[in-house]
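Below is one structure, written out as structure tokens; the observations come after it.
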Amino acid sequence: MNSPTPHVRVIASPQSWVEGEAIRQLEAASRLPGMRSAVGLPDLHPGKGAPVGAAFASEGIFYPFLVGNDIGCGMGLWELDLPARKAKPERWATKLDLDGPWEGNTDAVLADMGVKPCGFEAALGTVGGGNHFAEVQRVDAVHDAQTFTALGLETDRLLLLVHSGSRGLGEAILRAHVDRHGTGGLAEDSDEARRYLERHDHAVAWARANRATIAGRMMQGIAAGGRRVLDVCHNSVTPKEYEGHTCWLHRKGAAPSDQGPVVIPGSRGALSYLVLPVGDGTGHAHSLAHGAGRKWTRSSARERMRERFTPDALTRTSFKSHVICEDRDLLFEEAPPAYKAIDRVVGDLVEAGLVRVVATLAPVLTYKTRSRRE
DNA sequence: ATGTCC
């Protein structure tokens, strides 16, 4: 297959510092056979082999390792039927526990969402590790009242943002692929490509059902009802017309700009941004930043934060919100200074003409994990 | 990121 000269672009202002290793990973991926375009978004940072905060468009072949293990990972936003003044973060924090297997009817939830059971039911409704979370939020400020209202949102209502993925399911799918092909791609007209895509699409649907189940558990825990406002996936590979070519659009920590409004969260202890994509997707592979982006490696964050903060200090944020994270290492790894500033990342997207800010959302209570590791 | 290491 002919490989046209690949196009590499990084959408980041000089103030959004990007690690050299991330650029090297982006360029390496851009040289893969069939690759047309590699785009780094302002939250670009090094990943395991492939960079995170990036989108890739290829022709005739696609690369499962670029999507990574957490196939279907994404963000779901719910509007709760509780007014902000009814928030009881301290009380909620003492009793919320979403770590164990969900005790509800997993088969019914999956059937309801058209997802076939596959042996990973015990993980359905669990947040997982790393940067995953479920967070109750309040509206901080509305910048685009028309879009905000069109989404049915109200300023005094609490919101729930869920960031999670396909847990062990996506991991198993990637591992099966890598065992045979390593970082090699799959020709689009092959049986193996069809088989991978079928599993991939299933994991994407499963991850969405997982976020819905997590939201349900959280709402039950705080005695609230809610309505899903949006749910978007930022780890996937999908067919897409791009700049006049039929492409495979890989997103690795990249939110879609072709599926309506998205939430771009900051670190746990920062604002999240509800944004409306603008423009036609050209030049940025129909993709946006998916978060603040890691600034320090996990091990470096553990070292630096251990010297500066006690775990107790990190469970309270500058927004006076509370973080439930009883895994001390994870608390350090996920501390706000370990991430880039979200206002700069979103500012870069605004200046590049990719989004309009609809509203900023402030944390009230963040759930990470109740499993104790000290 | 990961039923995360037997």
Side-chain angles (χ1 to χ4, degrees), chain A residues 21-22 25 29 43-54 63-76 97-103 106-107 110 117-134 162-179 182-183 196 199-200 202-204 206-211 213-214 217 233-237 250-255 265 267-268 290-302 325-334 338-339 367-374:
Chain A
E21 177 60 15
Q25 289 182 344
D43 58 337
L44 183 70
H45 59 281
K48 200 182 167 185
V52 184
Y63 295 89
F65 90 96
L66 291 180
V67 176
N69 62 316
D70 199 1
I71 302 163
C73 186
M75 297 280 171
D97 193 341
L98 314 180
D99 274 56
W102 181 51
E103 287 173 2
T106 52
D107 285 349
L110 291 173
C118 55
F120 287 87
E121 284 71 36
L124 192 76
T126 58
V127 172
N131 56 1
H132 290 173
F133 63 84
V162 176
H163 177 202
S164 189
S166 55
R167 310 290 280 107
L169 172 58
E171 164 77 11
I173 295 167
L174 179 69
R175 196 173 50 239
H177 169 80
V178 168
D179 282 349
T183 56
Y196 171 82
R199 291 174 181 165
H200 163 283
H202 176 244
V204 168
W206 195 97
R208 182 183 293 251
N210 187 35
R211 289 187 287 276
T213 309
I214 293 164
R217 286 182 94 173
C233 164
H234 54 226
N235 287 350
S236 65
V237 56
H250 307 67
R251 292 188 175 103
K252 174 57 172 174
S267 62
R268 300 313 85 222
H290 82 310
R294 181 162 281 285
K295 190 170 71 185
W296 298 341
T297 65
R298 291 191 174 274
S299 60
S300 152
R302 280 197 300 272
C325 184
E326 297 185 4
D327 178 331
R328 196 197 49 174
D329 281 347
L330 184 60
L331 189 65
F332 289 143
E333 291 167 13
E334 294 288 305
Y339 284 86
Y367 189 94
K368 295 284 292 179
T369 181
R370 195 114 245 174
S371 299
R372 217 168 180 90
R373 279 182 44 191
E374 334 208 338

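Numbers restart at 1 for each chain; the letters A, B, ... are given by sequence-line order, proteins then strands.
With a 6.0 Å radius and a threshold of 12 heavy atoms from other residues, nucleotides or ligands, Arg373(A) has its CZ atom at or below the threshold.
Nearest heavy-atom pair, Leu66(A) versus Ala29(A), reported as atom, atom and distance to 0.1 Å: CD2-CB, 4.0 Å.
A salt bridge does not link Lys368(A) to Glu326(A): none of the charged nitrogens lies less than 4.0 Å from a carboxylate oxygen.
Residue contacts for Gly128(A): at a heavy-atom cut-off of 4.0 Å it reaches the sugar-phosphate backbone alone, with no base atom in range. At the heavy-atom level, Gly129(A) lies under 4.0 Å from the strands shown only through sugar-phosphate atoms.
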Check nucleotides 4-6 of chain B against the protein and report each pair of N or O atoms closer than 3.5 Å, with its distance, or say if there are none.
none

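By the 6.0 Å and 45° rule, Arg167(A) does not stack over the aromatic ring of Phe120(A).
Rounding to the nearest 0.5 Å places CZ of Arg298(A) at 14.0 Å from CZ of Phe332(A).
In this entry the distance linking CD of Glu333(A) with C1' of dT2(B) reads 14 Å, nearest Å. One can place CG of Asp329(A) at 16 Å from P of dT2(B), the figure rounded to the nearest angstrom.
When the salt bridge (Lys or Arg N to Asp or Glu O under 4.0 Å) test is applied to Lys252(A), no partner is found at least two apart in sequence or on another chain.
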